[in-house]
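Just below is one structure, and these are the notes that go with it.
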There are 2 protein chains.
Amino acid sequence: MSTILDVCKLAGVSKATVSRVINGTGQVKESTRDNVFSAMKELGYRPNRLAQALATNKTHTVGLVVSDFDGIHFGLLLKQAAASAELANKQLIVTDGHNDPAYEYEVILQLEAQCDAIVLYSRTLTDDHIQLLHKQLTIPIVVINRDLPEQLFHSVSFQQENAVTLMMNHLLTNGHKDIACITGHMNNPTGIARLNGYKNALKSASIPFQKSLLKNGHYDMKSGYQACQSLLKEKSNFTAIIAFNDCMALGALRALTEAGINVPEQVSIIGIDDDPVSEFFTPRLTTVKLPIVEMTKQAVELAITLCDESKPTHSYQYQGELIQRESVMPVKLKA
Amino acid sequence: MSTILDVCKLAGVSKATVSRVINGTGQVKESTRDNVFSAMKELGYRPNRLAQALATNKTHTVGLVVSDFDGIHFGLLLKQAAASAELANKQLIVTDGHNDPAYEYEVILQLEAQCDAIVLYSRTLTDDHIQLLHKQLTIPIVVINRDLPEQLFHSVSFQQENAVTLMMNHLLTNGHKDIACITGHMNNPTGIARLNGYKNALKSASIPFQKSLLKNGHYDMKSGYQACQSLLKEKSNFTAIIAFNDCMALGALRALTEAGINVPEQVSIIGIDDDPVSEFFTPRLTTVKLPIVEMTKQAVELAITLCDESKPTHSYQYQGELIQRESVMPVKLKA
DNA sequence: CTGTTAGCGCCTTCAG
DNA sequence: CTGAAGGCGCTAACAG
């Protein structure tokens, strides 16, 4: 790997001049610029970004931290983040926190010297942790999926409870009253908000909440499958299932299918996310779209803006949207 | 962000001493070490990794480059890579090449100063490009999924053709002769090797290759769906479909289901990957497992080893394994 | 227009 | 056991 000095020698100029042509700063005579360029090309020279960063205190990279590399919206999120970053000519450095809050916290602090801004999509850190981070960090941080009443940091959030309300209303409108619910982890704001959505919708419809219809899942297909099986084993009475994401809804669908129960004729199912796979199952899954791509775009673009200029903290809010497909139908009246 | 100088002042020692306690090198009196530590803690000091890297020419990070963030095995690969890296106390920096060979090439070169080793999972770069890279790079590179006859670089590969042979034999054993094939991109070694597997299996069974039974896909569900629809529209005669990955197989399954064709009673389907979603479809998809997790582990661990010591290039080979589920059954004789 | 001179934050001989 | 000094590769005033 050749350095700037090699270029200097070959082109017969000083470091300053080479630096000028690298960065397009200052005035350089065209002939010497050409000289420098050809020297660079001949050597296959590439400026060392670490050295550049150290000298300028600018890394031109944004850090993306997720709690886990198999999180729910992981793929779409990364893809969009990469696209947005490249568009702005920024490097993207991606890290996961192994689902461990302490580790994740440390990772973010470590990143401080390596990025100009951070985008965080955490499901392990508490709101308090995030606030602490925000104060401690000298670089801006944009938080996805956290929605604090006071706007203490930049955030891009999704109205979780409202999304569940949408789902419930769709079911209620179709005459369902016995609605089972497969939740996600209940140790973070997302799970809690969604559960509130479920309970409040029930309350609004004057339907008593039944603990036996509530099952815990972990956002993956298998846990949706298992949750549904336990619902079945307990012979609970339900005409519909709402799951806190599409994967679990799909897992439940599988369990129902195995048990010889028809969806949606006998039981309706609705999920949330609009996962790309959802429309390839039979029946095609009805769901509420979570605009993760748009949210990611917003977050990364905001982070990139914040690399160069500061802005007052603001919360960008997104909402769900019902996508009607084939897994929900009006409840059949019992004979 | 405090620097080493701040610690020096607070602890009343020189940079050298602080550096020693940071790195645990050299001898430091216990009392002064404690002093330094408490100064660091008080300041919330964290060594600047960029500066460390510049000074030592060691980054303690390995770079992972994939062609695209929605590549096939993307999630599992990242998750395992992150786990392996953390285990070895290395940072992982992940980048994608936006499916553009030139961009990807450039990205890798750029990474040279930022990592101690690179793991590459490319589907856009040619073997020649990779060789060129290997020669140009001063850091080691481990290539996943390329298998050159001569071992010109470190690689972890999968016997693509053999995997397809497994799939075909399973179908042939079940009496299928009219076997449609949904391929992936044909501009890279993987696609070519797999197609060879298909054609050679046909030849071994003395079944003529029919161009009309061959459809191109792009490894996603939608393209599998479309390929199957076009097969159907052309009224091709087939009793089985082999797809070059599970996603496309699942897309084809959907197309068949929509057309009122029973799987596997009327048409058998087999995929490759053993994608986690495959066993949640109905029928559960028969497939050949591609051990991407094991391969990734091998590749990253190798890369980490190469950070500190050089080794002669070697190719680690992996094979597929048939996973029989429910989407294949013996062909029915025509009435 | 170009070169000289200091750093960026850290590590690492080499003396003491 | 500790400090002073130089350097990693690059940028950024400041002269000229």
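Order of the sequence lines sets the chain letters (A, B, ...), proteins ahead of strands, with each chain counted from 1.
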Check: For the helix from dC1(C)-dG16(D) to dG16(C)-dC1(D), what is the angle between the axes at its two ends, each from 5 pairs, rounded to 10°?
Finding: 40°
Name each donor-acceptor pair under 3.5 Å that joins a side chain in residues 303-310 of chain B to protein atoms two or more places apart or in another chain, with its distance.
unit_1  : atom_1 : unit_2  : atom_2 : d
T305(B) : OG1    : E301(B) : O      : 2.9
D308(B) : OD1    : K58(B)  : NZ     : 3.2

Check: So, is S14(A) near the phosphate of dT2(C), with a side-chain N or O under 4.0 Å from OP1 or OP2?
Finding: no
Note to self: Side-chain N or O of N48(A) versus OP1/OP2 of dC8(D): is the shortest distance under 4.0 Å?
What the structure shows: no
Just call it for [X]: base, sugar-phosphate, or nothing, with non-hydrogen atoms closer than 4.0 Å on any strand.
X      : result
V13(A) : sugar-phosphate
T32(B) : sugar-phosphate
Q27(B) : base
S19(B) : base

Item checked: Residue pair S155(A) / Q151(A), side-chain donor-acceptor N/O under 3.5 Å ->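 Side-chain D/A pair, S155(A) to Q151(A): absent.
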Notebook entry, point to check: Are a donor atom and an acceptor atom from the side chains of S67(A) and N99(A) found within less than 3.5 Å of each other?
Noted result: no
Item checked: Validation row: F37(B), K41(B) side chains within 4.5 angstrom (heavy atoms) ->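 F37(B) does not reach K41(B) side chain to side chain.
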Next item on the list: Would you mind telling me which residue lines up with the more 5' stretch of DNA chain D, V18(A) or R33(B), judged by nearest nucleotide?
Entry: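 Taking each residue's closest nucleotide, the earlier one in sequence belongs to R33(B).
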Notebook entry, point to check: Okay, side chain of T138(A), backbone of M1(B): is any donor-acceptor separation there less than 3.5 Å?
Noted result: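 Such a contact is absent between T138(A) side chain and M1(B) backbone.
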Notebook entry, point to check: From the list dT2(C), dC10(C), dT2(D), which nucleotide is the closest neighbour of the side chain of T17(A)?
Noted result: dT2(C)
Notebook entry, point to check: Do R20(A) and dG3(C) share a donor-acceptor pair, side chain to base, under 3.5 Å?
Noted result: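 Result: at least one qualifying N/O pair found.
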If you restrict it to nitrogen or oxygen atoms, what contacts under 3.5 Å exist between nucleotides 5-8 of chain C and the protein, and what is each distance?
unit_1 : atom_1 : unit_2 : atom_2 : d
dC8(C) : O2     : L54(A) : O      : 3.4
dC8(C) : O2     : A55(A) : N      : 3.2

Notebook entry, point to check: Any idea how H185(A) and H218(A) line up, ring-wise: parallel (<30°), tilted (30 to 60°), or perpendicular (>60°)?
Noted result: tilted
